[in-house]
Amino acid sequence: MDWFEETLHQGWRQAIRVERVLFREQTGHQDLVIFDSRDWGRVLALDGVVQTTTGDEFCYHEMLVHVPLLAHGAAREVLIIGGGDGGCLREVLRHAGVIRVTQVEIDPAVIELSRHWLPTLSDGAFDDPRARVVIADGARFAAETRERFAVAIIASTHPQGPGAVLFTAPFYQDVRRLLNPGGIMVSQCGNPAIRPDELVETQAAQAAAGFALVDYYLTVVPTYIGGAMALGFATDAPGRRAISVRELEARGVPAGLRYYTPEMHVAAFAHPRWIIERVGH
Ligand code: SAM
């Protein structure tokens with residue numbers, strides 16, 4: 001394989017120059033490939049879609065994790081659904097106030113292979129005593145668990161294959177139920193430039209789940225092509241949405257970050273007019 005050609009969008013494709021394919025397997029849940037690329041370091045793709053690269057993963061993981069954790073300010077119990085490469089888990093564990101992180105991943109092969117081939121993603125996080133991994137369908141876990149969490153992070157694949165269920169109103173309803181008062185759910189909502197419907201539909205599904213505030217914020221991850229990526233932000237405590245830079249600083253931003261700053265946090269909730277017109281807010 002000289003080039004990895006992503007098949008996510010029907011009319012627009014990105015191709016990444018492959019230096020060396022390291023691993024390829026049909027896991028039982030999805031087609032998994034890991035390769036070294038010329039420009040983006042090591043790449044993990046599932047079902048033909050780039051999941052993460054060592055070159056730009058921080059642009060995604062830092063924003064998916066630190067925005068809700070700092071918006072909350074006192075999260076102790078955190079839930080991650082998906083996120084098998086461990087990047088989200090690594091970022092959550094940077095917060096000293098977090099005492100337990102439960103990660104529910106459907107495909108154990110993603111965790112095992114990422115630990116082996118992309119060790120910088122989890123960077124030892126799976127061995128942290130605060131981390132607990134549950135191998136299960138995240139939707140099923142959300143429907144059945146009696147545990148409660150301050151923050152739920154939906155770090156899923158795109159709405160196809162096993163990830164499709166993680167974009168539905170019944171699932172969001174179950175997540176809302178497992179949040180403590182004042183809890184926050186964030187979720188991957190796709191690229192609004194290429195797939196605005198995905199953001200429109202997930203915002204509608206999250207509103208239908210009953211959240212008092214449903215909003216989204218933006219991050220730019222070069223290998224998630226097409227401009228900014230939308231991340232859903234839903235809570236029953238609307239005050240969590242507008243926290244000042246000064247307050248975020250006072251809450252204690254973890255050291256060593258490369259994308260997240262309190263200024264980026266606040267700015268990420270500013271939306272271009274064309275997206276506002278499309279989504280309604
Ligand atoms: N690093 C990015 C992140 O953290 O969001 C990339 C996506 S991560 C690799 C997506 C994960 O979601 C995959 O490991 C996949 O197996 C998992 N997944 C997909 N459907 C799921 C489901 N129904 N329940 C739990 N995990 C699921």
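All ligand and atom numbering here is 1-based and tracks the order in the structure. Along the sequence shown, residues carry numbers from 1.
- Interface of Asp137 with ligand 1, defined as ligand atoms under 4.0 Å from a residue heavy atom, comprises 22 (C), 23 (N), 24 (N).
- Of all protein heavy atoms, the one closest to atom 16 (O) of ligand 1 is Glu105 OE2, 2.5 Å.
- Environment of CD in Gln10: sparse, with no more than 12 heavy atoms of neighbouring residues, nucleotides or ligands closer than 6.0 Å.
- Residue contact check: Leu46 has heavy atoms under 4.0 Å from atoms 13 (C) of ligand 1.
- The single protein non-hydrogen atom nearest to atom 1 (N) of ligand 1 is Asp85 OD2, 2.5 Å, given as residue, atom name and distance.
- Near Val104, meaning under 4.0 Å from any of its heavy atoms, are these atoms of ligand 1: 25 (C), 26 (N).
- Residue contacts with ligand 1 for Gln30 involve side-chain atoms from C-beta outward but no N, CA, C or O (heavy atoms, distance under 4.0 Å).
- Near Asp107, the atoms of ligand 1 lying under 4.0 angstrom from a non-hydrogen atom of the residue are 16 (O).
- The minimum heavy-atom distance between Arg24 and Val33, with the atom names listed, is NE-CB, 4.2 Å.
- Nearest to atom 10 (C) of ligand 1 among the protein's heavy atoms is Ala155 O, 3.3 Å.
- You'll find the ring centres of His61 and His66 outside the 6.0 Å limit.
- The Gly163 neighbourhood of ligand 1 comprises atoms 19 (C), 20 (N), with distances under 4.0 Å to a heavy atom of that residue.
- With hydrogens and angles left out, the side-chain atoms of His9 and Gln14 include no donor and acceptor closer than 3.5 Å.
- Closest to atom 6 (C) of ligand 1, if we only count protein heavy atoms, is Gln51 O, 3.3 Å.
- Heavy-atom minimum distance, Asn180 versus Ala150: ND2-N, 3.9 Å.
- Ligand-side atoms of ligand 1 in range of Gly83: 4 (O), 8 (S), 10 (C), 11 (C), 12 (O), range being under 4.0 angstrom from any heavy atom.
- For the pair Gly138 and ligand 1, the shortest N or O to N or O distance falls below 3.5 Å.
- Among all non-hydrogen protein atoms, the one lying nearest atom 5 (O) of ligand 1 is Tyr60 CE2, 3.0 Å.
- For the pair Ala164 and ligand 1, no heavy-atom separation below 4.0 Å is found.
- Proximity to Cys88 (heavy-atom distance under 4.0 Å) selects the following atoms of ligand 1: 4 (O).
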Next on the checklist: Applying salt bridge (Lys or Arg N to Asp or Glu O under 4.0 Å) to Arg13 and Glu6, what does each step give before you reach the verdict?
Outcome noted: CA-CA 6 Å; Arg13 291 195 170 173; Glu6 187 176 59; over 6 Å; no
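- Proximity of Ala139 to ligand 1, defined as any heavy-atom pair under 4.0 Å, is not found for any part of the residue.
- For Ile81, no nitrogen or oxygen atom sits less than 3.5 Å from a nitrogen or oxygen atom of ligand 1, counting backbone and side chain alike.
- For the pair Gly87 and ligand 1, no heavy-atom separation below 4.0 Å is found.
- Here the protein heavy atom with the shortest distance to atom 19 (C) of ligand 1 is Thr157 OG1, 3.4 Å.
- A donor and an acceptor atom, one from each side chain of Asp56 and Thr53, are located under 3.5 Å apart.
- Crowding of Arg132 atom CZ: a count of heavy atoms from other residues, nucleotides or ligands under 6.0 Å exceeding 12.
- For Arg140, the heavy-atom gap to ligand 1 stays at 4.0 angstrom or more.
- Using bins of under 30°, 30° to 60° and over 60° for the plane-to-plane angle, the ring pair Phe149/Phe141 lands in the tilted bin.
- Atom CZ of Arg148 sits in a crowded spot, with more than 12 heavy atoms from other residues, nucleotides or ligands closer than 6.0 Å.
- When only non-hydrogen protein atoms are considered, atom 27 (C) of ligand 1 lies nearest to Ile106 CG2, 3.5 Å.
- What sits closest to atom 12 (O) of ligand 1 on the protein, heavy atoms only, is Gly82 CA, 3.4 Å.
- For His271 and Tyr216, the distance between ring centers is under 6.0 angstrom.
- Residues Ser187 and Gln206 have side chains that bring a donor and an acceptor to within less than 3.5 angstrom of each other.
- Close approach of ligand 1 to His61 is summarised as follows: ligand atoms under 4.0 Å from at least one heavy atom of the residue are 1 (N), 2 (C), 3 (C), 4 (O).
- Rounding to the nearest 0.5 angstrom, the gap separating the CD atom in Glu105 from the SG atom in Cys88 is 11.0 Å.
- For the residue pair Thr27 / Asp107, a side-chain donor-acceptor distance below 3.5 Å is found, with atom types taken as modelled.
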